[in-house]
Amino acid sequence: KLFDPRPKTSRDSLFDRERELEELHRAVDRGLPLVALLGVRRVGKTSVLRTFLGEVNGLYVDARGLVRRADLETRVADALSESLGRLRRFLEGVRGVSVAGFSVEVRWRGRDSVSLAGLLSEIDKRGERFVFALDEVQQSKPPVSAELRSVLAYGYDNLENVTFVVVGSEVGMLRDFLALEDPSSPLYGRYAYEVHVERFSEDLSREFLERGFREEGVEPPPGVVEEAVGFFDGIVGWLVLFGRGYVDGAGSVEELKRAAVNLAAEELGKLSPRERMVLRAVAEGCRSWSEVRRYVDERFGVALPKATLSRIIEKLEKLSIIRGYEFLDPVYREAARR
Ligand code: ADP
């Protein structure tokens with residue numbers, strides 16, 4: 001069902017996205033070592049990725065919030081268990097890995113243990129293409145982030161049959177994480193093939209909502225679909241939230257829009273007060289550095305030093321909240337005006 005809020009995992013429930021899936025398949029068939037799957041929050045990257053992983057041999061690890069090595073290890077072992085049916089033949093005979101029934105145990109430490117790089121290298125030896133996917137990898141933190149970077153570098157250089165797919169909403173942060181252009185990075189000088197997940201056009205958004213409502217046996221009053229198409233700008237995660245809420249009778253159109261804005265506001269709440277002031281200025285229409293500065297000064301009585309303002313703008317761009325003094329997602333613009 002289209003309005004199911006969980007990430008989609010197969011083409012039956014995935015709307016559109018043939019182009020993205022095709023690009024991923026082509027990249028993997030060509031044996032590219034590193035693919036970056038990029039797009040704003042809620043545009044549907046995880047859904048594309050998981051659907052893709054249903055069609056190839058691979059492993060999906062969500063890197064959000066990973067800090068401790070043990071947590072990374074648990075997630076990898078869980079991911080192996082989850083796809084055991086397909087992966088069994090890759091794991092047979094690998095030192096440190098035991099398969100009992102439907103679960104996989106990995107000894108990561110001590111005698112007869114295996115490291116993540118070691119495990120991937122065993123998988124590589126099977127001679128079949130294998131995809132190791134890391135979702136929101138830029139949101140992992142040291143020491144796990146360093147470990148992942150070195151596994152990526154090791155794999156890039158040594159594992160012929162493994163393609164790494166890294167996913168990022170925060171495009172700049174992902175670029176910083178991979179640091180392909182930083183001589184001190186283990187990935188320096190490597191190349192990432194980019195696949196972009198784009199927002200839906202107005203026509204596709206409309207078709208998405210109409211099909212979603214039809215699936216639920218609900219005929220929305222005229223105007224409701226148009227209202228959502230206009231407000232959510234083709235970002236499918238918002239369309240799902242809206243459609244689901246409407247079908248469940250969770251509120252009026254206005255209330256459902258507000259609920260989305262609240263979610264975005266919650267995320268913006270994690271930014272510093274100054275960063276939020278700058279966002280407010282951009283949300284109110286400031287289109288240049290000096291306009292932002294004047295706005296923040298007049299409205300909040302804060303004189304931002306030039307260097308600070310540049311740093312803030314750069315960070316907000318790296319987080320993919322704004323680009324060129326425009327919000328990438330209008331729901332965040334509304335949230336910033338609160
Ligand atoms: P992202 O990884 O970009 O944040 P997700 O894949 O988690 O996005 O999707 C956000 C929401 O939108 C989820 O509720 C998911 O079910 C829905 N969704 C995403 N892409 C599609 C699609 N192509 N068809 C139907 N629903 C989708």
Side-chain angles (χ1 to χ4, degrees), residues 1-25 35-55 58 60-66 75 79 131 133-140 165-174 177 194-216 225 228-229 231-248 250 256 259-260 263-264 266-268 270 319-321 327-332 335:
K1 290 258 182 86
L2 292 183
F3 291 169
D4 183 335
R6 289 167 297 183
K8 307 300 189 280
T9 55
S10 75
R11 293 205 196 216
D12 319 331
S13 51
L14 191 74
F15 183 84
D16 194 57
R17 302 308 185 202
E18 278 83 14
R19 190 225 0 123
E20 289 84 350
L21 289 168
E22 185 53 37
E23 280 184 34
L24 287 172
H25 276 294
V35 176
L37 186 64
L38 307 173
V40 295
R41 286 167 202 77
R42 300 185 179 82
V43 79
K45 299 174 297 299
T46 302
S47 297
V48 167
L49 178 67
R50 302 214 58 160
T51 300
F52 176 65
L53 286 170
E55 301 175 354
Y60 169 85
V61 173
D62 189 348
R64 266 169 268 222
L66 280 179
R75 273 195 212 174
V131 176
L134 290 161
D135 205 352
E136 298 292 357
V137 72
Q138 85 281 336
Q139 287 183 26
S140 62
V165 179
V166 293
V167 180
S169 300
E170 298 163 2
V171 173
M173 293 296 177
L174 180 63
F177 176 90
E194 294 185 2
V195 176
H196 293 264
V197 182
E198 307 288 352
R199 67 196 71 210
F200 292 150
S201 64
E202 286 198 0
D203 285 345
L204 276 182
S205 298
R206 195 174 295 120
E207 200 184 317
F208 178 87
L209 286 172
E210 281 167 358
R211 191 183 301 177
F213 280 121
R214 230 177 294 126
E215 275 180 355
E216 308 281 345
V225 166
V229 167
F231 190 71
F232 293 115
D233 198 19
I235 295 179
V236 58
W238 293 133
L239 297 176
V240 168
L241 206 71
F242 177 84
R244 182 78 263 147
Y246 194 87
V247 168
D248 292 346
L256 293 169
L263 267 184
E266 222 172 90
E267 287 169 43
L268 296 183
K270 294 177 196 149
L319 288 170
S320 296
I321 299 172
F327 276 77
L328 292 175
D329 178 338
V331 177
Y332 284 76

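Each ligand, and each atom within it, is numbered from 1 in the order the structure gives. What you see is a predicted model, and the numbers here were worked out from it, not measured in a lab. When reading the values below, keep in mind they use all heavy atoms of this one structure, side chains included, and skip hydrogens, waters and symmetry mates. Positions are given from 1 along the sequence.
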Heavy-atom nearest neighbour in the protein, as seen from [atom], with distance rounded to 0.1 Å:
atom                    : answer
atom 4 (O) of ligand 1  : Arg42 N, 2.9 Å
atom 13 (C) of ligand 1 : Pro5 O, 3.2 Å
atom 23 (N) of ligand 1 : Phe15 O, 2.8 Å
atom 25 (C) of ligand 1 : Phe208 CE1, 3.4 Å
atom 26 (N) of ligand 1 : Lys8 NZ, 3.1 Å
atom 7 (O) of ligand 1  : Thr46 CB, 3.8 Å

- Does Arg17 approach ligand 1 within less than 4.0 angstrom via side chain, backbone, both or neither, non-hydrogen atoms only? side chain
Taking only heavy atoms of [X] into account, list the atoms of ligand 1 that are under 4.0 Å away from them.
X      : value
Arg6   : 15 (C), 16 (O)
Gly237 : 10 (C), 11 (C), 12 (O)
Ser47  : 5 (P), 6 (O), 9 (O), 15 (C), 18 (N), 19 (C), 20 (N)
Gly44  : 1 (P), 3 (O), 5 (P), 6 (O), 8 (O), 9 (O), 19 (C), 20 (N)
Lys45  : 1 (P), 2 (O), 3 (O), 4 (O), 6 (O), 8 (O)
Ser13  : 24 (N), 25 (C)

Salt bridge [X]-[Y], side-chain N to carboxylate O under 4.0 Å:
X      : Y      : result
Glu23  : Arg19  : yes
Arg244 : Glu216 : yes
Arg206 : Glu210 : no

- Among Leu241, Leu49, Val236, whose heavy atom sits nearest atom 18 (N) of ligand 1? Val236
- Query: Heavy atom of Asp4 under 4.0 Å from ligand 1?
  - Reply: yes
With respect to [X], determine whether any N or O atom, backbone or side chain, lies less than 3.5 Å from an N or O atom of ligand 1.
X      : value
Val240 : no
Leu14  : no
Ser169 : no

- Task: Output the distance between atom CG (Leu134) and atom OH (Tyr60), rounded to the nearest 0.5 Å.
- Result: 9.5 Å
- Message: Tell me whether the rings of Phe213 and Phe242 are parallel (<30°), tilted (30 to 60°) or perpendicular (>60°).
- Response: perpendicular
- What class does the angle between the rings of Phe208 and Phe15 fall in, given that below 30° is parallel, 30 to 60° is tilted and above 60° is perpendicular? perpendicular
- Query: Can you list the steps and then say if Lys8 with Arg17 is a side-chain contact (heavy atoms from CB on, under 4.5 Å)?
  - Reply: CA-CA 11 Å; Lys8 307 300 189 280; Arg17 302 308 185 202; over 6 Å; no
- Query: How close do Leu174 and Ala36 get, heavy atom to heavy atom, and via which atoms?
  - Reply: CD2-CB, 4.2 Å
- Item | Option passing side chain to side chain contact (heavy atoms under 4.5 Å, CB included) with Ser169 (candidates Lys45, Arg42, Gln139) | Lys45
- Item | Check: Glu266 and Leu268 side chains under 4.5 Å, non-hydrogen atoms | no
- Could you go step by step and tell me if Val331 and Ile235 meet the side-chain contact (heavy atoms from CB on, under 4.5 Å) rule? CA-CA 10 Å; Val331 177; Ile235 295 179; over 6 Å; no
